[in-house]
Amino acid sequence: MKIAIASDHAGFEMKEFAKNFLQDSGYDVLDLGTNDCSSVDYPSFADKMAEAILGGKAEAGVLVCGTGIGISIRANRHKGIRAALLYSDEVAEMAKKHNNANVIVFGGRTMNKEDVARRIKIFFATEFEGGRHQKRIDMLDY
Ligand code: RB5
């Protein structure tokens, strides 16, 4: 599975960590930047992610900004993107089971690496339940 990853400066260190974790777990990772800690604007990286997912360059994505909030807001303005901020292990599971999220989001300044790695693992190990949840997902993009 190809997974795209992107962050702003506040998420850069966590992005590098998540990228290595994904690669070590056997995923093919497409890094969309940013490439260092210089200040950048998180909406641009949410846009790059949406372009990669909607354009078929990756099947899923990981986004990181300081809190995970701004980059989630922007990503979710693109039709077809379902970005979920994984603030707990339970949410990591539900984001796949019920929401079939195609982008998962973390806060580089608000989460620790151990939690992020565990939530990535939980999310990708979980299956979407479909059924009634598919109908609701279809309603998201009306
Ligand atoms: C950048 O300073 C910070 O505002 C950004 O990374 C993010 O937390 C916004 O939601």
Side-chain angles (χ1 to χ4, degrees), residues 1-130 133-142:
M1 184 195 267
K2 188 146 203 169
I3 301 178
I5 193 163
S7 74
D8 71 354
H9 55 289
F12 172 69
E13 199 188 318
M14 188 66 86
K15 172 180 72 79
E16 292 300 298
F17 169 77
K19 179 171 74 178
N20 291 331
F21 178 75
L22 285 164
Q23 284 169 338
D24 291 348
S25 305
Y27 294 102
D28 186 6
V29 180
L30 173 65
D31 189 344
L32 304 171
T34 190
N35 299 316
D36 57 38
C37 292
S38 322
S39 184
V40 289
D41 301 318
Y42 59 79
S44 308
F45 291 89
D47 292 347
K48 284 179 201 287
M49 176 60 71
E51 205 176 297
I53 302 276
L54 300 172
K57 288 189 184 134
E59 294 160 71
V62 177
L63 284 174
V64 192
C65 70
T67 58
I69 295 174
I71 210 160
S72 298
I73 292 171
R74 180 64 188 175
N76 279 315
R77 291 194 177 177
H78 293 268
K79 262 192 182 180
I81 295 298
R82 295 178 301 283
L85 180 55
L86 303 191
Y87 57 85
S88 74
D89 291 2
E90 186 190 359
V91 164
E93 190 181 338
M94 298 311 284
K96 178 59 90 55
K97 255 191 187 169
H98 285 195
N99 309 112
N100 200 17
N102 50 13
V103 176
I104 56 174
V105 189
F106 297 105
R109 290 175 175 163
T110 56
M111 296 181 192
N112 66 56
K113 290 175 180 162
E114 198 179 55
D115 286 346
V116 167
R118 199 176 54 257
R119 290 170 197 164
I120 288 174
K121 205 171 163 189
I122 292 170
F123 179 81
F124 286 111
T126 304
E127 296 287 326
F128 174 49
E129 277 182 356
H133 302 296
Q134 184 58 56
K135 176 182 158 245
R136 293 164 186 163
I137 284 170
D138 293 341
M139 291 170 73
L140 294 174
D141 291 328
Y142 277 178

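Computed over heavy atoms, backbone and side chain alike; hydrogens, waters and symmetry mates excluded. Computed from a predicted model, the values in this text were never measured in an experiment. Numbering of residues begins at 1 and proceeds along the displayed sequence. Note that ligands are numbered from 1 as they come in the structure, with each ligand's atoms numbered from 1 the same way.
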Colleague: Please list, chain by chain and in numerical order, all residues satisfying side-chain hydrogen bond (donor to acceptor under 3.5 Å, both in side chains) with Gln23, sequence neighbours excluded.
Modeller: none
Colleague: If you look at each N/O of ligand 1, which protein N/O atoms lie under 3.5 Å away, and at what distance?
Modeller:
residue	atom	partner	partner atom	Å
ligand 1	2 (O)	Arg109	NH1	3.4
ligand 1	6 (O)	Asp8	OD2	2.6
ligand 1	6 (O)	Gly66	N	2.7
ligand 1	8 (O)	Gly66	N	3.3
ligand 1	8 (O)	Thr67	N	3.0
ligand 1	8 (O)	Thr67	OG1	3.3
ligand 1	10 (O)	Thr67	OG1	3.3
ligand 1	10 (O)	Gly70	N	2.9

Colleague: Inspect the contact between Asp31 and Lys15 and indicate whether a charged nitrogen and a carboxylate oxygen are less than 4.0 angstrom apart.
Modeller: yes
Colleague: Between Asp115 and Met111, is there a donor-acceptor pair closer than 3.5 Å when you use the side chain of the first and the backbone of the second?
Modeller: no
Colleague: Please list, chain by chain and in numerical order, all residues satisfying salt bridge (charged side-chain N to carboxylate O under 4.0 Å, His left out) with Arg74, sequence neighbours excluded.
Modeller: Asp47
Colleague: Applying side-chain contact (heavy atoms from CB on, under 4.5 Å), can you list everything that pairs with Ala50, at least two apart in sequence or on another chain?
Modeller: Leu54, His78, Ile81
Colleague: Is any NZ, NE, NH1 or NH2 atom of the basic residue among Glu129 and Lys96 found under 4.0 Å from an Asp or Glu carboxylate oxygen of the other?
Modeller: no
